[in-house]
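For reference, positions follow the sequence shown, starting with 1.
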Amino acid sequence: MHARRTIALFLALVLTGCAARQTGPLQPGPDAFPQPGGFNAFSVDQEVEIGKQAAAEAERQLPMVAPRDPLSDYVSTLGHKLAAQLPDKRYVYSFKVVNQKEINAFALPGGPVYVNVGTVQAADNEAQLAGVIAHEIAHVYMRHATHNASRQMAASIPLQILGGMLGKGMGGQLARLGLSFGVGSIFLKYSRDAESEADRVGAKIMYEAGYDPHAMAAFFENLKAEGGGSGGPQFLSDHPDPGNRAQAVNDAISQLPPKTYVKNSNDFTRAKAEAARMKPLTAQQIAQQQQQRQPQVTQASAADILPSRDFRTLNHSQFQLAYPSNWQVFGDQNSAVTIAPRAGVSQDAIAYGVVISGMRPQQAQSLEQSTQQIYEFLRQSNPQLQQSGQVQRTSLNGMEAMVVPMVGPSPLRDSSGAAAPERDLLVTSLRSDGTVIFMLFIAPQAHWEQLSPAYQEMLRSFRTR
């Protein structure tokens, strides 16, 4: 990134990203909603695209209640009633139910909102449930997730991954920067200021839709009072208490004209009964299911995996490298590449081979700092990856280099169905222009010694341009 652009982005962050939170009493009417503020590097269209991709990933991971289930229909109808109060119609909201026991809800950029079955079970009345959903709608409307990401991109993301490592489109661009809006994303864990804004805007949404805004604060206060009780901590860990929620909501709605609020509908009574009959999964059970569904590479014969003694040369725009002639190059001369046997990779996983990519720090820093950042970047996509030995300083064909040994689970399964242990080696090298090239060598622990000679030959042949 050019210095002028970096400075301009930083100034934009300072001047607009830290703008004071809107406070004071709310006013009635559809045109009196608070407006999103602060620095945001994403357009609304990009938010919608991000949300669609994140939603597809979330629904592959989570146990979803069927779309036409009575509970799903009710939550969707309630959600659309609330979202219809907003003046901004650029987002297409959707409301779906997750068959999970813990009390929680979350929203993705652009409009997808998800509510756990446990939240419906815990709501004492329709206004409390409406409050949870309105709070999530407010996060979307106020653009909190992409605002969080924009601040990190401007202030702390040090990488510009070379080429098109993870595909085209906004999702691929974000992945190359180590950004993800999926389930558990750090960008969906909001600050106390963002929580206050979501409470404030959520209260306004509730009022306009005919629900008592006090019910939202009451529900959250009940969760806080439960402390270690069932499900409370999960919601509060994602939605930190901004402090004295009830009083803040009272202050915000103090000048709104009195009205008769909606009572429990027959639909809510039926939805509660439906939720009470369900047996949602716990977070632990869901995690176990996800682990079982991790991408796998099927077992292959040694002939399909082991590297040939004959080598070819890859002429990349950034480097030159020899590789086994029976392995394939995935990528092109301008992108990050994976070099592996065809039988060693699947659509989403690699069990044998090497991934080569690069980064350009936004400012001058040591190779040790860059190596640590790359290591953390890799662990974002695989939290079970762990350093397994001392980081070593070395030289790679005249360039300063570092080597980080690691271990983690392989996409291969052993005879019992458990993930086989994997050995990885991260090698980073610093070019004269400040660019850092990194190579990640991968193999199951049982086969590492067989592949090691080929990996050493690849390192010996490595040259930068």
note = Correct closest heavy-atom pair for G202 and A138 would be N-CB, 3.8 Å
message = Please list all pairs meeting salt bridge (Lys or Arg N to Asp or Glu O under 4.0 Å) that have one or both residues in residues 103-115, counting only residues at least two apart or in different chains.
response = none
inquiry  = Checking the side chain of S72 only, and the main-chain atoms of A66 only, is there a donor and an acceptor separated by less than 3.5 Å?
reply    = yes
ask   = So, do T313 and Y323 sit near enough that their side-chain heavy atoms are less than 4.5 Å apart?
value = no
key: M142 and V201, any side-chain heavy atoms less than 4.5 Å apart   = yes
key: Check against side chain to side chain contact (heavy atoms under 4.5 Å, CB included), F330 and V337   = CA-CA 6 Å; F330 302 88; V337 297; over 6 Å; no
query = Counting distance only, does the side-chain N/O of S325 pair as donor-acceptor with the main-chain N or O of R312 below 3.5 Å?
reply = no
H139 and E195 side chains, donor-acceptor separation under 3.5 Å = yes
ask   = For I50 and P109, which heavy atoms make the closest approach, and how far apart are they?
value = CG2-CG, 4.2 Å
query = Does any N or O in the side chain of E102 come within less than 3.5 Å of the main-chain N or O of A283, such that one atom is a donor and the other an acceptor?
reply = yes
query = Once you round to the nearest 0.5 Å, how far does OH of Y91 lie from CG of L86?
reply = 10.5 Å
query = Under 4.5 Å between any side-chain heavy atoms of P63 and V98, yes or no?
reply = yes
Under 3.5 Å donor-acceptor, Q369 side chain and S366 backbone = yes
message = Determine whether a donor-acceptor pair (N or O, by modelled atom type, separation under 3.5 Å) exists between the side chain of R143 and the backbone of G110.
response = no
query = By salt bridge (Lys or Arg N to Asp or Glu O under 4.0 Å), which residues pair with E59, not counting sequence neighbours?
reply = K96
key: Separation between OH of Y375 and CE of M406, rounded to the nearest 0.5 Å   = 7.0 Å
query = What are the two closest non-hydrogen atoms of W327 and P307, and how far apart are they?
reply = NE1-CA, 3.6 Å
query = Roughly how far, to the nearest 0.5 Å, is the CG atom of N99 from the CD1 atom of I286?
reply = 7.5 Å
query = Does Q285 use its side chain to pair, donor to acceptor, with the backbone of T282 at less than 3.5 Å?
reply = yes
inquiry  = If you define the side chain from C-beta out and look only at heavy atoms, does anything of I339 sit under 4.5 Å from M458?
reply    = yes
message = Please find the pair of heavy atoms, one from A107 and one from V113, that lie closest to each other, and give the distance.
response = CB-CG2, 4.0 Å
request  = Decide side chain to side chain contact (heavy atoms under 4.5 Å, CB included) for L425 and Y455; before the verdict, give the C-alpha distance in whole Å, the side-chain angles of both, and the deciding distance to 0.1 Å.
outcome  = CA-CA 10 Å; L425 195 69; Y455 289 165; over 6 Å; no
ask   = Given W448 and F441, is the ring pair (Phe, Tyr, Trp, His ring centres under 6.0 Å) satisfied, shown in steps?
value = CA-CA 10 Å; W448 181 266; F441 295 88; 7.5 Å; no
ask   = Any chance the side chains of Y352 and H447 put a donor and an acceptor closer than 3.5 Å?
value = yes
inquiry  = For F106 and Y114, take the angle between the two ring planes, folded into 0 to 90°, and tell me which bin it lands in: parallel under 30, tilted 30 to 60, perpendicular over 60.
reply    = parallel
task = Sort and list the pairs that fulfil salt bridge (Lys or Arg N to Asp or Glu O under 4.0 Å) and have at least one residue in residues 386-395, not counting sequence neighbours.
result = E368-R393, R393-E400
request  = With rounding to the nearest 0.5 Å, note down the distance linking CD in E47 to OG1 in T146.
outcome  = 3.5 Å
request  = Could you tell me whether a side-chain N or O of N116 sits under 3.5 Å from a main-chain N or O of G118, the two making a donor and an acceptor?
outcome  = no
Partner residues of D199 under the side chain to side chain donor-acceptor pair (under 3.5 Å) criterion, sequence neighbours left out = H135, R245
request  = Answer yes or no: is there a side-chain heavy-atom contact under 4.5 Å between V117 and V65?
outcome  = yes
Pairwise salt bridge (Lys or Arg N to Asp or Glu O under 4.0 Å) hits with a residue in residues 439-463, at least two apart = R423-E449, E457-R460
request  = For residues L459 and L396, determine if any side-chain heavy atom of one lies less than 4.5 Å from a side-chain heavy atom of the other.
outcome  = yes
query = How far apart are the C-alpha atoms of I133 and V115, what are their side-chain angles, what is the distance that settles it, and do they pass the side chain to side chain contact (heavy atoms under 4.5 Å, CB included) test?
reply = CA-CA 8 Å; I133 297 173; V115 180; 3.9 Å; yes
task = Keeping the roles fixed (side chain from Q387, backbone from G389), state whether a donor-acceptor pair exists under 3.5 Å.
result = yes
key: Check: L62 and M64 side chains under 4.5 Å, non-hydrogen atoms   = yes
key: Check: V403 and L426 side chains under 4.5 Å, non-hydrogen atoms   = no
Verdict with reasoning, F462 to F319, per ring pair (Phe, Tyr, Trp, His ring centres under 6.0 Å) = CA-CA 7 Å; F462 183 80; F319 59 86; 5.6 Å; yes
ask   = Taking N326 for the side chain and L306 for the main chain, is one N or O donor matched with an acceptor at less than 3.5 Å?
value = yes
task = Compute whether any side-chain donor of one residue and acceptor of the other, for Q53 and E57, lie under 3.5 angstrom apart.
result = no
key: Value rounded to 0.5 Å, distance of CZ in F438 from OG in S370   = 11.0 Å
ask   = So how far is it from I437 CD1 to S357 OG, rounded to the nearest 0.5 Å?
value = 7.5 Å
task = Using modelled atom types only, decide if a donor and an acceptor are shared between the side chain of T119 and the backbone of N104 within a distance under 3.5 Å.
result = yes
Least distance between heavy atoms, S196 atom then P242 atom = OG-CB, 3.0 Å
Heavy-atom pair with the smallest gap, counting every atom of A134 and L82 = N-CD1, 4.1 Å
Qualifying residues under side chain to side chain donor-acceptor pair (under 3.5 Å), relative to T371, sequence neighbours excluded = T428
request  = Compute whether any side-chain donor of one residue and acceptor of the other, for Q365 and Q373, lie under 3.5 angstrom apart.
outcome  = yes
